[in-house]
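Remarks on the structure that follows.
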Amino acid sequence: MAETEFTSGASCPLHPGFDAVGTCSRCGNFMCRTCGEGGSQAWCPACRQREGVGQAFPLNRENWSVSGLMDLSWDAFKREWVMLCVGVLIFLAGSFAGQVVSQVSSMVGGATGSTVITVLGFFIGIIGSYAIQGGITLGFLRMSMDVLSGRRADLGRMFSQFGKIPTYLGTLFLSFLLMLPLLLLIVVSAVGAGLATGTVSWSELVALKDLPPSELDAAVTPMLPGFAVMGFVAFALYVFPGGWLLTPLILLQPELARTDSPGAVETLRRCFAYSRGERLPMIGTMLLGGLLATVSVFLCCVPVIPALGFLQLLMAGLVMALSSGAEEA
């Protein structure tokens, strides 16, 4: 509903004492500010009630399913697809800006010739990059939650989450600490599998670090079967138990966007609580969303923009459904 430059002089049919400030994008009836909830609703109350839009989010832990979430997200996407695609462009621009900040910081640090300043510049760039990308991502998820609740896609919401950046960076750091034992297990197990099968020896692995680049190809070629064994073991452990254990971490960003005053430790605790008994359908949701994004890449890249918008809706809806009815005490 457009409220700007609307000068019809008509009255709202539902509230005759109020002037119309726009029209319903579905039926065309005039709407006042009360009907449009201050401009946040594109449909009149009658259309919202008829289509079940603008009501409380209908999915919770008891009734949600992958197909139900897909259908709900698709209906919301069709209603606000234009603004969601614009949001994706802003998101991509923010990601590019984050990369620029990281590169510039590293270059400035390197130009000083000081190792300490170079390392410091590198880490400052990384933190700045994550801060910019994280703020835009949380804003996109917050906007997506509005759309799933029947509201209009307000691009201003994409810049409303930067106050959560310290918590966002804190959760990333805690997530990295949680992943370290798993990464260590994967590396040790992969190397151990290569040594146990006799396809590679420890002395050969150690010798690689001292070889000049010109001799690496000749040294690595006989070890390819060993690297294949190691890669297979690493991938298998990454999928299970790695993927299974770390599935709750996919809820981190949407949970931060959903919560007004999140804490890093509390956010992690909630994500693991929401995932209890729901890991398999969560993985299914991610696989379907990832498949759509992958297919869009092969379709000459243009569909990537709407696919990313739909994927954000899926992630926002996932945490909205799993958090509804979960104990947060």
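- Side-chain atoms of Ser105 do not come within 3.5 Å of backbone N or O of Val101 as any donor-acceptor pair.
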**Prompt:** Please walk me through it: do Ser129 and Gln133 pass side-chain hydrogen bond (donor to acceptor under 3.5 Å, both in side chains)?
**Reply:** CA-CA 6 Å; Ser129 175; Gln133 295 177 18; 3.1 Å; yes
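- Met315 contributes atom CE, which lies 9.5 Å from atom CG of Leu252 (distance to the nearest 0.5 angstrom).
- Of the N and O atoms on the side chains of Glu255 and Tyr274, at least one donor lies less than 3.5 Å from an acceptor on the other residue.
- A side-chain N or O of Thr197 and one of Thr199 form a donor-acceptor pair less than 3.5 Å apart.
- Applying the 6.0 Å contact sphere to CZ of Phe18 captures no more than 12 heavy atoms from other residues, nucleotides or ligands.
- Asp75 meets the salt bridge (Lys or Arg N to Asp or Glu O under 4.0 Å) test with Lys78; sequence neighbours excluded.
- For the pair Phe77 and Val147, the minimum side-chain heavy-atom distance is 4.5 Å or more.
- In the model, Ser102 has no side-chain atom that pairs as donor or acceptor with a side-chain atom of Gln99 under 3.5 Å.
- Heavy atoms from other residues, nucleotides or ligands lying under 6.0 Å from CZ of Phe272 number more than 12.
- Ring orientation note: the planes of Phe159 and Phe162 are close to parallel, at an angle under 30° on the 30°/60° scale.
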**Item:** Residue pair Ser275, Glu278: steps toward the side-chain hydrogen bond (donor to acceptor under 3.5 Å, both in side chains) verdict
**Value:** CA-CA 5 Å; Ser275 303; Glu278 302 288 349; over 6 Å; no
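- Cluster membership for Met107 and Phe122, using ILVMFWY side-chain heavy atoms within less than 4.5 angstrom, is not shared.
- Closest approach of Leu311 to Gly290, counting heavy atoms only: CD1-N, 4.5 Å.
- Nearest heavy-atom pair across Arg142 and Arg258 is NH1-O, 3.7 Å.
- No donor-acceptor distance shorter than 3.5 angstrom exists from the side chain of Ser324 to the backbone of Ala321, with no hydrogens or angles considered.
- With contacts defined as side-chain heavy-atom distances shorter than 4.5 Å, the pair Ile305/Phe310 does not qualify.
- In this structure the side chain of Val295 reaches within 4.5 angstrom of the side chain of Leu291, judged on heavy atoms.
- Summarising the geometry, atom CZ belonging to Arg79 is positioned 8.0 Å from atom CG belonging to Leu148; distances are rounded to the nearest 0.5 Å.
- Cluster annotation: Val206 and Leu216 are assigned to the same hydrophobic cluster (Ile/Leu/Val/Met/Phe/Trp/Tyr, side-chain heavy-atom contacts under 4.5 Å, transitive).
- For Gln312, the side-chain contact (heavy atoms from CB on, under 4.5 Å) criterion is met by Phe140, Leu141, Ser144, not counting sequence neighbours.
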**Prompt:** Does the pair His15 and Met31 meet the rule for a side-chain contact (heavy atoms from CB on, under 4.5 Å), with working shown?
**Reply:** CA-CA 9 Å; His15 305 97; Met31 295 169 57; over 6 Å; no
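- Taking both residues in full, the closest heavy atoms of Asn60 and Glu62 are given as OD1-N, 2.8 Å, listed atom of the first, atom of the second, then distance.
- Rounding to the nearest 0.5 Å gives a distance of 9.0 Å between OG1 of Thr267 and NZ of Lys164.
- Between the side chain of Thr23 and the main chain of Gly28, no donor-acceptor pair closer than 3.5 Å is present.
- Ile283 places a side-chain heavy atom less than 4.5 Å from the side chain of Trp244.
- Arg157 has a carboxylate O that lies under 4.0 Å from a charged side-chain N of Asp146, or vice versa, which qualifies the two as a salt bridge.
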**Prompt:** Between Leu313 and Met145, does a side-chain contact (heavy atoms from CB on, under 4.5 Å) hold up when you go through it step by step?
**Reply:** CA-CA 7 Å; Leu313 282 176; Met145 292 176 187; over 6 Å; no
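- Atom OG in Ser160 sits 11.5 Å away from atom CG in Leu155 (nearest 0.5 Å).
- No side-chain heavy atom of Leu69 sits less than 4.5 Å from a side-chain heavy atom of Trp74.
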**Request:** Any chance you could lay out the side-chain contact (heavy atoms from CB on, under 4.5 Å) test for Phe173 and Leu169, step after step, and finish with the verdict?
**Result:** CA-CA 6 Å; Phe173 179 71; Leu169 295 176; over 6 Å; no
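- Residue Arg270 forms a side-chain contact (heavy atoms from CB on, under 4.5 Å) with just one option from Leu251, Thr259, Leu322, and that option is Thr259.
- Side-chain contact check for Leu14 versus Cys35: some heavy-atom pair is nearer than 4.5 Å.
- Judged purely by atom type and a 3.5 angstrom limit, Thr171 uses its side chain to pair as donor or acceptor with the backbone of Tyr168.
- Under the rule for a side-chain contact (heavy atoms from CB on, under 4.5 Å), the partners of Phe235 that lie at least two apart in sequence or sit in another chain are Val239.
- Once rounded to the nearest 0.5 Å, the distance linking CD1 of Ile126 with OG of Ser106 reads 6.5 Å.
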**Request:** Report the C-alpha separation of Met83 and Arg152 in whole Å, then their side-chain angles, then the decisive distance to 0.1 Å, and conclude whether the side-chain contact (heavy atoms from CB on, under 4.5 Å) test is met.
**Result:** CA-CA 9 Å; Met83 299 307 291; Arg152 299 184 68 184; over 6 Å; no
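- Note on Ile124 and Tyr130: separate hydrophobic clusters, where clusters join Ile, Leu, Val, Met, Phe, Trp and Tyr whose side-chain heavy atoms are under 4.5 Å apart, directly or indirectly.
- Of all heavy-atom pairs spanning Ile165 and Ala131, the tightest one is CD1-O, 3.1 Å.
- The minimum heavy-atom distance linking Asn63 with Leu59 is given by the pair OD1-CA, 3.3 Å.
- Linking ILVMFWY side-chain heavy atoms closer than 4.5 Å, directly or via other members, places Leu245 and Leu237 in two distinct hydrophobic clusters.
- What you find for Ala316 and Pro254 is that their closest heavy atoms are CA-CB, 4.5 Å.
- Separation of atoms OG (Ser203) and CG (Leu205) is listed at 8.0 Å; rounding is to 0.5 Å.
- Leu172 is not listed as a side-chain neighbour of Phe176, based on a closest heavy-atom distance of 4.5 Å or more.
- Inter-residue side-chain proximity for Ser175 and Leu268 is flagged as met; some heavy-atom pair is nearer than 4.5 Å.
- Taking hydrophobic clusters as Ile, Leu, Val, Met, Phe, Trp and Tyr residues chained together by side-chain heavy-atom distances below 4.5 Å, Leu224 does not share a cluster with Phe232.
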